[in-house]
Trainee: 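There's a structure below that I have some questions on.
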Amino acid sequence: MRNFILILLFTAACLAFIITGHLYWERKIEATVQAARAKVETSAKQETETSQTKVILARARQLPAAAQAAIKRAVEENRPIRLVIAGSESTPENGGWPELLKQALDDAYGKGVFHITVHEYEGLTTADADRQRIAADWVKDKPDLVLLEPFLLNDNGVVTIDDTLAHIQSIIDQLKSAAPNAVVILQPPNPIYNATYYPRQVEQLEAFAKENGYPYINHWPAWPDANSEELNRYVDPQTDLPTAEGANVWADALAKRFIAQ
């Protein structure tokens with residue numbers, strides 16, 4: 001009887017040891033599988049993110065180098081690319097070419113890749129904008145890119161081009177002092193029919209941008225010739241503001257720079 005009990009105890013101990021060992025290895029195997037699965041998922045996520053980064057940078061390759069670098073930084077930080085669009089009433093906060101450009105960027109890059117804020121300053125000259133320190137509005141948006149349409153049309157006949165350029169520089173300096181990594185891209189307002197001095201002022205704006213190393217997008221070649229009456233279909237001769245057709249031309253010209261095919 002005593003031997004029988006010992007045999008039972010020994011058998012139970014063996015079974016307990018086998019069961020415990022089996023459970024231990026099951027848990028170890030499960031932990032190994034989970035670790036391997038997590039590693040695979042992490043690797044797949046990294047590959048997806050790397051692929052998305054490559055796609056975004058490939059789309060942006062026609063933008064100036066400084067703008068591409070700002071976009072790359074935003075993507076690597078896994079956040080939206082913050083684009084501020086600012087300008088006169090030619091750059092309307094609601095409707096117009098900024099809205100069309102936003103739609104084009106959403107379609108090309110994916111909704112939410114760009115976070116776009118539009119600041120319209122109706123009736124301001126560059127002197128007004130400088131004095132009102134409008135760059136403070138943009139700083140609140142923490143921009144990566146600022147697409148600025150200076151107030152050349154409002155300045156025309158009111159502020160000399162030398163003063164206009166000085167005010168533009170002051171506005172950019174205000175921005176840079178608070179947001180040093182923001183990249184400013186300059187562009188002209190829309191053309192107007194049969195102007196004399198205004199086209200020269202736009203040429204001087206482009207020269208200013210090049211001289212100071214600011215990226216510049218010239219969308220004027222996309223419009224009808226400024227000396228052709230056809231332009232009046234695209235720019236209202238009463239207001240000097242883009243019509244719906246003009247807004248499309250402007251947005252398409254910018255989209256071709258922002259979106260490489």
Side-chain angles (χ1 to χ4, degrees), residues 55-68 70-71 80-122 143-153 183-195 198-199 201-203 205-206 209-210 214-261:
V55 168
I56 290 171
L57 294 179
R59 282 269 191 264
R61 69 180 181 273
Q62 292 183 164
L63 286 171
Q68 291 184 51
I71 288 171
I81 303 156
R82 295 187 286 258
L83 169 62
V84 167
I85 299 174
S88 69
E89 52 269 46
S90 288
T91 299
E93 199 166 327
N94 298 304
W97 69 263
E99 197 168 277
L100 296 172
L101 177 61
K102 181 182 184 303
Q103 185 59 57
L105 293 176
D106 283 346
D107 291 345
Y109 287 88
K111 196 171 180 62
V113 171
F114 277 84
H115 180 270
I116 299 175
T117 308
V118 181
H119 294 277
E120 175 189 357
Y121 301 94
E122 184 176 352
D144 298 298
L145 306 172
V146 175
L147 179 59
L148 175 60
E149 173 257 305
F151 309 88
L152 265 68
L153 265 177
V183 175
V184 177
I185 304 173
L186 293 173
Q187 63 165 338
N190 53 274
I192 57 176
Y193 172 62
N194 211 24
Y198 176 54
Q201 293 167 339
V202 169
E203 288 174 1
L205 174 66
E206 183 170 9
K210 289 179 179 177
Y214 299 127
Y216 184 83
I217 297 178
N218 182 15
H219 53 84
W220 275 30
W223 299 76
D225 187 277
N227 294 317
S228 167
E229 290 189 6
E230 183 188 2
L231 183 63
N232 290 330
R233 285 179 46 212
Y234 298 84
V235 177
D236 187 328
Q238 300 300 316
T239 63
D240 288 339
L241 297 178
T243 63
E245 288 177 275
N248 274 298
V249 167
W250 195 337
D252 286 347
L254 291 175
K256 286 175 181 175
R257 290 297 301 276
F258 273 85
I259 306 163
Q261 299 301 319

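Just so you know, these numbers use all the heavy atoms, side chains as well, and skip hydrogens, waters and symmetry mates.
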Trainee: Indicate yes or no: at least one non-hydrogen side-chain atom of L205 is less than 4.5 angstrom from one of P150.
Mentor: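 Heavy-atom side-chain distance check passes, below 4.5 Å.
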
Trainee: For A251 and L101, work out which heavy atoms get closest and say how close.
Mentor: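 Taking every non-hydrogen atom into account, CB-N, 4.0 Å.
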
Trainee: Can a salt bridge be assigned to the pair K102 and D106 using a cut-off of 4.0 Å between side-chain N and carboxylate O?
Mentor: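 Yes, charged N to carboxylate O under 4.0 Å.
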
Trainee: How about V113 and P80: do any of their side-chain heavy atoms sit closer than 4.5 Å?
Mentor: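 Contact flag for V113/P80 side chains = no.
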
Trainee: Backbone N or O of A108 within a donor-acceptor pair of the R59 side chain at under 3.5 Å?
Mentor: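 Side chain of R59 to backbone of A108: a pair is present.
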
Trainee: Contact between E245 and W250 at the side-chain level, heavy atoms closer than 4.5 Å - yes or no?
Mentor: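 With C-beta onward as the side chain, the pair stays apart.
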
Trainee: Identify the two heavy atoms, one from P188 and one from H219, that lie closest to each other, and give their separation to 0.1 Å.
Mentor: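 Closest approach of P188 to H219, heavy atoms only: O-NE2, 2.7 Å.
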
Trainee: Between CZ of R61 and CD1 of I259, what distance do you get to the nearest 0.5 Å?
Mentor: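 R61 CZ to I259 CD1: 12.0 Å, rounded to 0.5 Å.
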
Trainee: Side chain to side chain contact (heavy atoms under 4.5 Å, CB included) for Q187 and L147? Distances and angles first, verdict last.
Mentor: CA-CA 7 Å; Q187 63 165 338; L147 179 59; 3.6 Å; yes

Trainee: Give a yes-or-no answer on whether the side chains of E149 and S88 include a donor-acceptor pair shorter than 3.5 Å.
Mentor: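 Yes, side-chain donor-acceptor contact under 3.5 Å.
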
Trainee: Quick one: does T117's side chain get under 4.5 Å of I85's, heavy atoms only?
Mentor: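 T117 does not reach I85 side chain to side chain.
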
Trainee: With a 3.5 Å distance limit and no angle check, can you tell me whether W97 reaches the backbone of P92 through a side-chain donor-acceptor pair?
Mentor: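 Pair absent, no side-chain N/O of W97 close to backbone of P92.
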
Trainee: Using the side chain to side chain contact (heavy atoms under 4.5 Å, CB included) definition, which of the options V84, V183, L83 pairs with P143?
Mentor: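 When V84, V183, L83 are each tested with P143, the side chain to side chain contact (heavy atoms under 4.5 Å, CB included) holds only for V84.
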
Trainee: Side chains of T239 and D236: closer than 4.5 Å at any heavy-atom pair?
Mentor: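 In short, these two side chains touch, coming nearer than 4.5 Å.
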
Trainee: Is there a side-chain contact between N190 and W223, using heavy atoms and a 4.5 Å cut-off?
Mentor: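 Yes, side chains in contact.
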
Trainee: Quick one: does R257's side chain have a donor or acceptor within less than 3.5 Å of a partner on Q62's backbone?
Mentor: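 Present.
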
Trainee: For A244, does its backbone N or O pair with a side-chain atom of N248 as donor and acceptor, under 3.5 Å?
Mentor: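 Yes.
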
Trainee: Can you tell me how far apart CG (D240) and CD (E89) are? Round to the nearest 0.5 Å.
Mentor: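 That separation rounds to 10.0 Å.
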
Trainee: For the rings on W220 and Y198, is their centre-to-centre separation under 6.0 Å?
Mentor: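 So the answer is yes for these two rings.
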
Trainee: For K210, which residues count as a salt bridge (Lys or Arg N to Asp or Glu O under 4.0 Å) partner, sequence neighbours excluded?
Mentor: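 Once residues adjacent in sequence are excluded, the partners of K210 under the salt bridge (Lys or Arg N to Asp or Glu O under 4.0 Å) criterion are E206.
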
Trainee: Within the 4.5 Å heavy-atom criterion, are N94 and E120 side-chain neighbours or not?
Mentor: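 A side-chain contact is absent here, since even the closest heavy-atom pair is not under 4.5 Å.
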
Trainee: Give a yes or no on whether the backbone of R233 and the side-chain of T243 come within a donor-acceptor separation of less than 3.5 Å.
Mentor: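 Present.
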
Trainee: Check the orientation of H119 and Y121. Use parallel for under 30°, tilted for 30 to 60°, and perpendicular for over 60°.
Mentor: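 Judged by the thresholds at 30° and 60°, the geometry between H119 and Y121 is parallel.
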
Trainee: Which heavy atom of P215 sits nearest to which heavy atom of V184, and what is that distance?
Mentor: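 For P215 and V184, the tightest heavy-atom pair comes out as CD-O, 3.1 Å.
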
Trainee: Quick check for you: to the nearest 0.5 Å, what is the distance between L145 atom CG and L63 atom CG?
Mentor: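 Here the rounded value is 7.5 Å.
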
